[in-house]
2 protein chains.
Amino acid sequence: MLPIERRKYIMDKLNLNGSVKVEELAKEMNVTPMTVRRDLDKLEAEDLLKRTHGGAVLSTSLYFEEEYDVKKEKNIEIKKKIAQSASELIKGPSTIFLDAGTTTYELANILKNRNDLVIITGDLKIASLLYRTENEVHFLGGKLEKKTGAVLSVEWNTFIERINIDYAFLGGSAITNQYYLTTPTFEKAKLKSKLIELADKSVLLVDESKFGVKSLVKIAHIKDFDVIITNKVFNNEFMKELKEKGVEVRLIGG
Amino acid sequence: MLPIERRKYIMDKLNLNGSVKVEELAKEMNVTPMTVRRDLDKLEAEDLLKRTHGGAVLSTSLYFEEEYDVKKEKNIEIKKKIAQSASELIKGPSTIFLDAGTTTYELANILKNRNDLVIITGDLKIASLLYRTENEVHFLGGKLEKKTGAVLSVEWNTFIERINIDYAFLGGSAITNQYYLTTPTFEKAKLKSKLIELADKSVLLVDESKFGVKSLVKIAHIKDFDVIITNKVFNNEFMKELKEKGVEVRLIGG
DNA sequence: CCGTATTTGTTCATTTTTGTTTATTAATAT
DNA sequence: ATATTAATAAACAAAAATGAACAAATACGG
């Protein structure tokens with residue numbers, strides 16, 4: 001068996017099972033474990049797999065291991081700062097909308113100590129976090145998204161229209177290079193643009209990582225917001241444009 | 001099984017069930033409890049779960065609190081038996097409504113292992129428990145009750161009317177000596193009687209402690225239900241009456 | 001064919017993982 | 001409350017996997 005064949009064999013097995021063991025491969029290919037290890041090292045150098053003790057796994061199937069998680073943690077710090085800044089906008093008793101997402105979850109985490117808010121949300125985790133607090137919490141019904149615990153229903157629009165919302169805090173998962181906020185579904189886009197329209201102040205909470213990403217449906221241009229809280233640094237020209245439009249940009253350091 | 005696979009197995013099980021036990025995992029993965037504990041410690045260090053005595057729960061504080069809350073309940077053993085009996089009613093793929101309450105929470109706990117249900121509920125804890133499962137979960141929106149995490153909205157009626165519900169599982173907090181199911185608010189009463197009317201089968205889940213208690217608004221007489229699951233022993237005369245009405249009574253021993 | 005480069009195997013010290021034992025701690029019932 | 005049971009953490013031992021160094025085998029170009 002040629003070295004190339006061995007490596008193909010390893011990758012095939014890996015793709016089939018999600019993981020491989022050194023000892024097993026050694027027996028199957030009639031080589032010593034040392035050779036298998038060297039093969040795995042080479043394949044790892046090519047980013048085709050991730051080595052572990054005793055074997056290897058597909059680099060995609062280790063959704064919880066350190067690299068990914070450290071990265072996630074780093075963003076949490078930024079998100080907390082963005083959330084902190086957002087919370088400072090809400091001076092007195094207010095009715096606010098909290099979009100689904102991790103940044104708004106952090107905001108909810110700060111707001112749970114208050115007692116003068118009416119909070120409307122469609123995020124199950126946010127609702128669970130807040131319902132015991134002194135604030136009044138309204139949950140928008142609908143089908144629960146399995147991955148996120150967020151709900152969305154076509155009936156929201158009529159409900160939303162009847163309420164006076166002081167602040168709508170929206171998160172964003174994808175902002176194009178032309179600074180359009182985008183989202184995967186029409187329903188979500190419709191709701192969010194309605195919120196921007198109806199709320200006294202619409203606030204966009206986005207960390208740097210969301211820029212330059214594209215999703216299917218346009219919600220609005222980010223200059224349609226009243227406030228943008230982010231750690232992304234815009235160029236001078238765009239900043240001037242935002243200022244002319246009356247958009248307040250709060251830049252988070254870190 | 002590679003260490004990394006073990007940890008993935010643990011996280012998968014955790015995401016499905018909300019909690020895991022050391023002993024169980026040890027048996028399932030053929031390792032000693034000590035190894036499981038070390039795995040759990042590692043995962044906790046990555047903030048993916050929260051350790052407890054004998055196991056672990058998801059770090060999203062939710063489950064931790066819920067389990068704790070439920071444990072405090074008095075008649076939990078009876079409720080589990082009632083829930084078990086109720087679950088046996090649901091043979092194939094069905095659309096069901098789960099009322100808010102601890103008995104229905106126990107039912108949800110059993111149903112989370114299924115994958116052929118559409119579940120409609122207005123109970124935050126039940127929704128949180130079920131939304132990750134293979135079932136489709138719809139949450140009814142509204143203002144969240146601080147004490148219970150249940151929601152209720154005037155708009156439910158129109159929503160409910162448009163859905164075909166196979167089974168409506170209702171709990172009861174107060175059943176008068178004349179066997180009327182009662183509840184504190186008109187809104188709840190209205191919704192529940194509508195559910196009894198609309199569902200193919202309406203099922204009442206009540207333990208003994210709920211009888212002889214009176215609340216403000218009448219929902220229905222218990223003989224309006226199709227099935228009653230309880231550990232309360234009725235006198236012969238009333239049993240005869242129920243039988244004539246075509247009500248199935250499932251008596252839970254213990 | 002020879003000499004060189006590459007690959008593979010072997011040995012062994014080191015590291016990692018797992019199991020075992022035991023004292024301590026936490027949960028439970030009495 | 002206290003006793004009892006179960007779960008845990010710590011320390012140690014055993015097993016498994018690893019990586020480094022070196023030797024042997026193989027491939028390859030001249």
Side-chain angles (χ1 to χ4, degrees), chain A residues 1-11 13-14 17-59 61-62 64-67 69-70, chain B residues 1-11 13-14 17-59 61 63-80 254:
Chain A
M1 211 175 195
L2 291 169
I4 292 242
E5 291 179 297
R6 262 197 336 257
R7 278 162 218 159
K8 177 156 167 44
Y9 181 92
I10 292 173
M11 286 312 295
K13 183 163 189 187
L14 195 53
N17 300 326
S19 73
V20 288
K21 291 179 187 168
V22 172
E23 285 296 335
E24 255 177 46
L25 288 171
K27 271 188 188 155
E28 285 164 19
M29 306 191 298
N30 265 321
V31 287
T32 55
M34 193 62 225
T35 303
V36 174
R37 254 176 249 127
R38 286 192 267 239
D39 282 341
L40 293 178
D41 288 347
K42 281 214 176 85
L43 291 168
E44 183 175 34
E46 294 176 46
D47 253 337
L48 293 166
L49 53 77
K50 170 103 187 143
R51 280 240 50 195
T52 67
H53 254 250
V57 293
L58 278 176
S59 34
S61 70
L62 54 121
F64 51 80
E65 280 298 318
E66 80 260 72
E67 284 168 81
D69 222 63
V70 168
Chain B
M1 211 175 194
L2 293 169
I4 198 167
E5 289 181 293
R6 263 195 337 253
R7 278 161 218 158
K8 184 159 162 46
Y9 180 91
I10 293 172
M11 286 311 296
K13 183 164 188 187
L14 196 53
N17 298 324
S19 69
V20 288
K21 290 179 187 167
V22 172
E23 286 295 336
E24 253 177 49
L25 288 171
K27 271 189 188 154
E28 285 165 18
M29 307 192 296
N30 265 322
V31 289
T32 55
M34 193 62 224
T35 303
V36 173
R37 254 175 245 127
R38 285 192 267 238
D39 281 341
L40 293 179
D41 288 348
K42 280 212 179 89
L43 292 167
E44 184 175 34
E46 294 179 46
D47 252 335
L48 293 164
L49 54 78
K50 184 158 174 59
R51 282 239 47 195
T52 63
H53 257 251
V57 294
L58 274 178
S59 52
S61 59
Y63 286 99
F64 188 68
E65 290 173 30
E66 297 337 333
E67 297 248 322
Y68 182 74
D69 278 0
V70 172
K71 250 187 198 168
K72 282 196 303 201
E73 273 296 318
K74 187 96 199 298
N75 288 328
I76 198 69
E77 283 312 315
I78 297 289
K79 284 175 180 174
K80 276 186 180 161

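Side chains are part of it too, since the values below use all heavy atoms of this structure and drop only hydrogens, waters and symmetry mates. All of these numbers come straight from a predicted model, not from anything done at the bench. Naming: A, B, ... by sequence-line order, numbering from 1 per chain.
Looking at heavy atoms from C-beta onward, I10(B) lies in side-chain contact with M29(B) at the 4.5 angstrom threshold. Counting heavy atoms from C-beta on, the side chains of M1(B) and N30(B) never come closer than 4.5 Å. Inter-residue side-chain proximity for V20(A) and M11(A) is flagged as unmet; no heavy-atom pair is nearer than 4.5 Å.
In this structure, CG of D39(A) is placed 14 Å from C1' of dG9(C), rounded to the nearest angstrom. Here dA27(D) presents its C1' atom at 15 Å from CD1 of I4(A), a figure rounded to the nearest Å. Between R37(B) atom CZ and dT22(C) atom C1' the separation is 13 Å, expressed in whole Å. Atom pair L40(B):CG and dA7(D):P shows a separation of 14 Å (rounding to whole Å applied). Here dA17(D) presents its C1' atom at 13 Å from CG of D41(A), a figure rounded to the nearest Å. In this structure, CE of M29(B) is placed 13 Å from C1' of dT18(C), rounded to the nearest angstrom. The CG atom of L2(A) sits 17 Å away from the P atom of dT6(C) (whole-angstrom rounding). To the nearest angstrom, P of dG19(C) lies 15 Å from NZ of K27(B).
Out of dT8(C), dT10(C), dT18(D), the shortest distance to the side chain of M34(A) is found at dT10(C). Distance from the side chain of T32(B) is smallest for dG19(C) among the nucleotides dT8(D), dT18(C), dG19(C). Comparing dA11(D), dT17(C), dT18(D) by their closest approach to the side chain of R38(B) singles out dA11(D). Listed nucleotides: dT8(D), dG9(C), dA7(D). Nearest to the side chain of E23(B): dA7(D). The side chain of H53(A) lies closest to dT18(D) when the candidates are dT18(C), dT8(C), dT18(D).
At dT18(C), one or more side-chain N or O atoms of R6(B) fall inside 4.0 Å of OP1 or OP2 (strictly under the cut-off). An OP1 or OP2 oxygen of dT18(D) is reached within less than 4.0 angstrom by a side-chain nitrogen or oxygen of R51(A). For the pair T35(B) and dG19(C), the criterion of a side-chain N or O lying under 4.0 Å from OP1 or OP2 is met.
DNA chain D is contacted by both T52(A) and V22(B); V22(B) maps to the nucleotide lying nearer its 5′ end (nearest heavy atom per residue).
P33(A) comes within contact range of no nucleotide atom at all, as no heavy-atom separation falls under 4.0 Å.
Annotation: the span from L14(B) atom CG to L49(B) atom CG amounts to 5.5 Å, rounded to 0.5 Å.
For the side chain to side chain contact (heavy atoms under 4.5 Å, CB included) test with P33(A), the passing option among E24(A), E23(A), K21(A), R38(A) is E23(A); the others fail.
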